[in-house]
**Student:** 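I am attaching a structure below and will ask some questions about it afterwards.
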Amino acid sequence: MLKVPTNARWTQNGVTVAGGNGSGSATCQLSGPFGVFVADDQTIVIADSGNHRVIEWKTNENIGKVVAGDNGLGNRLNQLNFPTDVLIDRRTDSLIICDRDNRRVVRWSRRHGTTQGEILIDSIACNGLAMDDQKYLYISDYKKHEVRRYRMGDKNGILVAGGNGRGDELNQLSGPTSIFIGRQQTVYVSDNGNNRVMKWIRGAKEGIIVAGGQDGGDTLRQLYWPNGLFVDTFNTLYVADSGNHRVMRWPEGAKQGTVILGGNGCGVRSNQFNYLRGLSFDSHGNLYVVDHFNHRVQQFSLERTSNDVYIFSNKPS
């Protein structure tokens, strides 16, 4: 996990590390990307939703490599239909993909020559994925307004957040999107329709509002369509505040957040976003943001001083 002082800063002008060449299906392009996963070697894996594929990008390379899908929109095992999230399962050296519009979660081996995936879970309106250090898989269901935890091979899972219909009570969610798993299987979830981020301690019947929850808006107490999440070892929350085109940081217990990236209106400049989706860190503390309608992934470098101490890992807590 990431351990970094709460006053850390990142460069305000991003560098495009994937896409940025307009919407398209060439391997130098993305089309409405959603989720992103950054491996310890800085390999970037992206759910390239509009192209119905997952594409892998190496740092400092101008083109990506398709690693799943890209066989047209469809529900065959070699196809995807608007994937929205992806992660790497190191144990099996495979990709786990939220194949949203096929209503399934699939696994796709990273071994050379793989031409199709296998279905892990079907009949689920998945949107976000996460995995804990015990290899349990967590999936947000945006139609059932819930998050479930699955042991590999299990088709039913255990309810860990929401599941009480759509609503804004503390035991409810509304169109949940991204998930992050903290210590002791604590679930953080972007409660998109309620413009808030919720924290569900294992076994709890209700969640705790840890960001937003003041209706949708652009003050420092508000969020507007939150998406990608990351939580560090200090329980500081980083959230892609999609509708406000900014990334915010919320220390544990804070009543309001601070803008650490963006917040300069909707646009195409290197300090702007056009709706954010996924968010991730690499092992050097650089921050990656999926800039959805600009069809790119932006990297923001950590600003360091000689007195700073940072410990980074993308492994679960």
**Student:** Name the orientation class of the two ring planes belonging to F180 and F230 (parallel below 30°, tilted from 30 to 60°, perpendicular beyond 60°).
**Tutor:** tilted

**Student:** Give a yes-or-no answer on whether the side chains of Y136 and R151 include a donor-acceptor pair shorter than 3.5 Å.
**Tutor:**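 Short answer, yes.
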
**Student:** More than 12 heavy atoms of other residues, nucleotides or ligands under 6.0 Å from CG of N60: yes or no?
**Tutor:**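 Check fails, neighbour count at 12 or below.
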
**Student:** Mind running side chain to side chain contact (heavy atoms under 4.5 Å, CB included) on R107 and L95 for me, showing each step along the way?
**Tutor:** CA-CA 6 Å; R107 177 164 54 200; L95 302 170; over 6 Å; no

**Student:** Indicate if V289 and Y275 have the same hydrophobic cluster label, given that clusters are the connected sets of ILVMFWY residues with side-chain heavy-atom separations under 4.5 angstrom.
**Tutor:** no

**Student:** side-chain contact (heavy atoms from CB on, under 4.5 Å) with I124: which of L120, I121, N127?
**Tutor:**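 In the set L120, I121, N127, the residue that makes a side-chain contact (heavy atoms from CB on, under 4.5 Å) with I124 is I121.
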
**Student:** Strictly distance-based, threshold 3.5 Å: is any side-chain N or O of N227 a donor or acceptor partner for the main-chain N or O of S242?
**Tutor:** no

**Student:** Are L80 and I119 connected in a single hydrophobic cluster, I mean Ile/Leu/Val/Met/Phe/Trp/Tyr linked by side-chain heavy atoms less than 4.5 Å apart?
**Tutor:** yes

**Student:** What are the two closest heavy atoms between Q29 and S25, and how far apart are they?
**Tutor:**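 The pair with the smallest heavy-atom distance is OE1-N, 3.5 Å.
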
**Student:** Under the 3.5 angstrom rule, does the side chain of R148 hit a backbone N or O of G163 as a donor-acceptor pair?
**Tutor:** no

**Student:** Start with the C-alpha gap between Q42 and N286, add the side-chain angles, then the distance that decides, and say whether side chain to side chain contact (heavy atoms under 4.5 Å, CB included) holds.
**Tutor:** CA-CA 10 Å; Q42 291 185 287; N286 303 313; 3.9 Å; yes

**Student:** Is the distance between the ring centroids of F300 and F273 under 6.0 Å?
**Tutor:** yes

**Student:** Does the pair N81 and N75 meet the rule for a side chain to side chain contact (heavy atoms under 4.5 Å, CB included), with working shown?
**Tutor:** CA-CA 7 Å; N81 186 351; N75 62 6; over 6 Å; no

**Student:** Looking at E56 and K65, does any basic side-chain N land under 4.0 Å from a carboxylate oxygen?
**Tutor:**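 So E56 does not pair with K65 through a salt bridge.
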
**Student:** If we ignore hydrogens and angles and just use 3.5 Å, is the side chain of R277 paired with the main-chain N or O of G32 as donor and acceptor?
**Tutor:** no

**Student:** Please say yes or no: joined through hydrophobic side-chain contacts below 4.5 Å, possibly via intermediate residues, are Y142 and M198 part of one cluster?
**Tutor:** no

**Student:** If Ile, Leu, Val, Met, Phe, Trp and Tyr residues are connected whenever their side-chain heavy atoms lie under 4.5 Å apart, and connections chain through other members, are F34 and F281 in the same group?
**Tutor:**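 No.
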
**Student:** Taking D132 for its side chain and Q134 for its backbone only, find out whether a donor-acceptor pair lies under 3.5 Å.
**Tutor:** yes

**Student:** Below 4.5 Å, heavy atoms only, C-beta onward: do Y138 and V160 meet side chain to side chain?
**Tutor:** yes

**Student:** Between S31 and S23, is there a side-chain donor-acceptor contact under 3.5 Å, judged purely by atom types and distance?
**Tutor:** yes

**Student:** Identify, with sequence neighbours excluded, every residue that meets side chain to side chain donor-acceptor pair (under 3.5 Å) alongside N13.
**Tutor:**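 Once residues adjacent in sequence are excluded, the partners of N13 under the side chain to side chain donor-acceptor pair (under 3.5 Å) criterion are S270.
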
**Student:** Please say yes or no: joined through hydrophobic side-chain contacts below 4.5 Å, possibly via intermediate residues, are V239 and Y224 part of one cluster?
**Tutor:**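 As far as the 4.5 Å side-chain criterion goes, Y224 and V239 are not connected within one cluster.
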
**Student:** Look at the side chain of R76 and the backbone N and O of Q116, then say whether any donor-acceptor pair between them is shorter than 3.5 Å.
**Tutor:** no

**Student:** Is there a donor-acceptor pair closer than 3.5 Å between any side-chain N or O of N244 and the backbone N or O of G263?
**Tutor:**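 No; zero donor-acceptor contacts below 3.5 Å.
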
**Student:** Would the number of heavy atoms belonging to other residues, nucleotides or ligands and lying under 6.0 Å from NZ of K155 be above 12?
**Tutor:**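 Yes.
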
**Student:** Treating H295 as the side-chain partner and G20 as the backbone partner, does any N or O pair qualify as donor plus acceptor under 3.5 Å?
**Tutor:**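 No.
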
**Student:** Could you go step by step and tell me if V259 and L220 meet the side chain to side chain contact (heavy atoms under 4.5 Å, CB included) rule?
**Tutor:** CA-CA 8 Å; V259 178; L220 294 180; 4.0 Å; yes

**Student:** Sequence neighbours left out, what passes side chain to side chain donor-acceptor pair (under 3.5 Å) with R166? Give chain and number order.
**Tutor:**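 Expected list: S174.
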
**Student:** Hydrogens and angles aside, do Q185 and R202 bring a side-chain donor and acceptor to less than 3.5 Å of each other?
**Tutor:** yes

**Student:** Would Q298 and T16 count as a side chain to side chain donor-acceptor pair (under 3.5 Å) here? Give the steps.
**Tutor:** CA-CA 5 Å; Q298 297 287 88; T16 300; 2.5 Å; yes

**Student:** Between N71 (side chain only) and G69 (backbone N and O only), is there a donor and an acceptor less than 3.5 Å apart?
**Tutor:** yes

